[in-house]
There are 2 protein chains.
Amino acid sequence: MRRSDIEQVRSLPLFREMTKTHFSTLMSAALLQKFPARTVLIREGELPDFLHIVVEGTVELYSRWEDRETTIDIIRPVTTFILAAVIQDDVYLKSARTIDAARILMIPSEAIRDIFGRDAGFARAIVSELALRYRGIVRVLKDRKLRTSVERLANWILAMDRSEGGGGRIVLAHDKRTLSSRLGMTPENLSRSLAILGDHGVEGTGREIVIVDREALQRCAKPSPLIDG
Amino acid sequence: MRRSDIEQVRSLPLFREMTKTHFSTLMSAALLQKFPARTVLIREGELPDFLHIVVEGTVELYSRWEDRETTIDIIRPVTTFILAAVIQDDVYLKSARTIDAARILMIPSEAIRDIFGRDAGFARAIVSELALRYRGIVRVLKDRKLRTSVERLANWILAMDRSEGGGGRIVLAHDKRTLSSRLGMTPENLSRSLAILGDHGVEGTGREIVIVDREALQRCAKPSPLIDG
DNA sequence: CGACGATTTGAATAGGATCAATGGGAGTGG
DNA sequence: CCACTCCCATTGATCCTATTCAAATCGTCG
């Protein structure tokens, strides 16, 4: 494992405030592994062996029931996932698979639970992380229950643009298929939604999306800090 | 505040493992308040002053956006809510209102955060509680995204029956209106769903629901421990 | 150039929501 | 005790959103 990776992990809110010793202990038990695209990392229903952290690449959290499937969230570096299952030492409620090739840091659950009991800074950080994730999923739920797919897309465009500096031009990092599941809709519907947004100040060609009339888009999206963060 | 109430709170997982002294400190800062039915307790967007705990009655967590509203969860005694907002000291993402008349224990957020930093047992308990809530909402999300309303109702009936001993007979504690929002559907749709379940081993009259053919109901519901808990 | 996957477009369908009207019980007042 | 009223629940009809299935188009990479 590269020194720069370790430093990156150390700088995460989750690990920043623990003692050097405990951090070293965790890291020496940890594995950094590369996975190709579309690899299943964990399966819902299994017991957690490791806390996972996306160091590079993109991971999709999804869930199945009968023959249906839904994307719950899409995770980019540097973020933990399935922390709640590790903490509770209970089965995963969601599956995870890579979208891109990805590097995943895996820390044995036991080590996490052990250090958690002995390092107050780490315990605090875990609480923050859990609270953050909890609130994240509440936002997802609200987005999906309260908005139509056009509205979700409109808000996603605004949020994405904002996080890229507000230049009014976005280049998709992935397939539209991926985006559509991130937004909780089918690819066909994403196409249609994007077409509809043509009337609301958005132009799209290929993987590029341009905001030509931000006012109009905002009128359509009606973004809210209580959903979009 | 009655001694028996205090003991009940003390016996909650969240408070069971903290020191006596810290518990007393919390309790002396706490208020136990009665609220009539349909009273708004907290509004999304506001900052948390208190951690709330439903001691008696029922509370609905819901959220609005524009002119739409959705129920996120329904809370029964004895359970905390809005813990994540208190921990993060950030605005509520959901509103809460009573359904019944309810008694709510309110503990000042600052006291929670203060004791959290000083009592390891309490910190552990908060982590468990957060993880539990997190997983709870993942289940809600899965239930709503992966199932039709008939399936949701069928599973709710099975789960309810199980939690009442499996006698095959359920009496609703509230109106059907309340149940319908708990299940994320309109009252009209609940009626229709219940009618449809007539073909799958369920009979309903008034507030009573009877499972006459559990096999058939299970075939329709296809319950999963990864959703229904 | 050809082939394959991704995207778009179109038509049909399903699942829910909404609107409107009717039925049914519980509580109230005569 | 009975009629009245009000609210909840049911039923029917219609609308809307999103999914599904099918076909056409686009783009990219050998």
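Model, not experiment: these values are computed from the prediction. Just so we're on the same page: letters track the sequence lines, and every chain starts at 1.
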Checklist entry - Quick one: CG on A:Asp90 to CG on A:Leu47, what's the gap to the nearest 0.5 Å? => result 7.0 Å
Item to check | Whole angstrom value for the distance that separates P of D:dG27 from CG of A:Leu172 | outcome: 15 Å
Checklist entry - Once each nucleotide of nucleotides 10-25 of chain D is scored for protein heavy atoms under 4.0 Å, what B/S/- sequence comes out, 5' to 3'? => result BBBB----SBBB----
Checklist entry - Whole-Å distance between D:dC26 P and A:Glu208 CD? => result 19 Å
Checklist entry - Is it true that atom CD of B:Glu66 has more than 12 heavy atoms of other residues, nucleotides or ligands lying nearer than 6.0 Å? => result yes
Checklist entry - What integer distance in Å separates A:Arg68:CZ from C:dG15:P? => result 8 Å
Checklist entry - Hey, mind stepping through B:Asp5 and B:Arg103 against salt bridge (Lys or Arg N to Asp or Glu O under 4.0 Å) and telling me if it holds? => result CA-CA 10 Å; B:Asp5 290 328; B:Arg103 287 194 307 144; 2.8 Å; yes
Checklist outcome for this item: When rounded to whole Å, the CZ to C1' distance for the pair B:Arg177 and C:dA17 reads 14 Å
Next on the checklist: Testing A:Arg97, A:Arg177, A:Arg182 one by one against A:Glu60 for a salt bridge (charged side-chain N to carboxylate O under 4.0 Å, His left out), which residue passes?
Outcome noted: A:Arg97
Pair up each side-chain donor or acceptor in residues 183-204 of chain B with any protein partner under 3.5 Å, not counting sequence neighbours, and list the distances.
| residue | atom | partner | partner atom | Å |
| --- | --- | --- | --- | --- |
| B:Thr186 | OG1 | B:Asn189 | N | 3.3 |
| B:Ser193 | OG | B:Asn189 | O | 2.8 |

Checklist entry - Between C:dA6 atom C1' and A:Leu179 atom CG, what is the distance in whole Å? => result 14 Å
Next on the checklist: Counting C-beta onward and ignoring hydrogens, is there a side-chain heavy-atom pair between B:Thr39 and B:Lys34 closer than 4.5 Å?
Outcome noted: no
Checklist entry - Given atom CG of B:Leu146 and atom P of C:dG15, what is their separation to the nearest angstrom? => result 15 Å
Checklist entry - Over how many whole Å does the gap from A:Asp175 atom CG to C:dC4 atom C1' extend? => result 14 Å
Checklist entry - Rounded to whole angstrom units, what separation is found between the CZ atom of A:Arg38 and the C1' atom of C:dG5? => result 11 Å
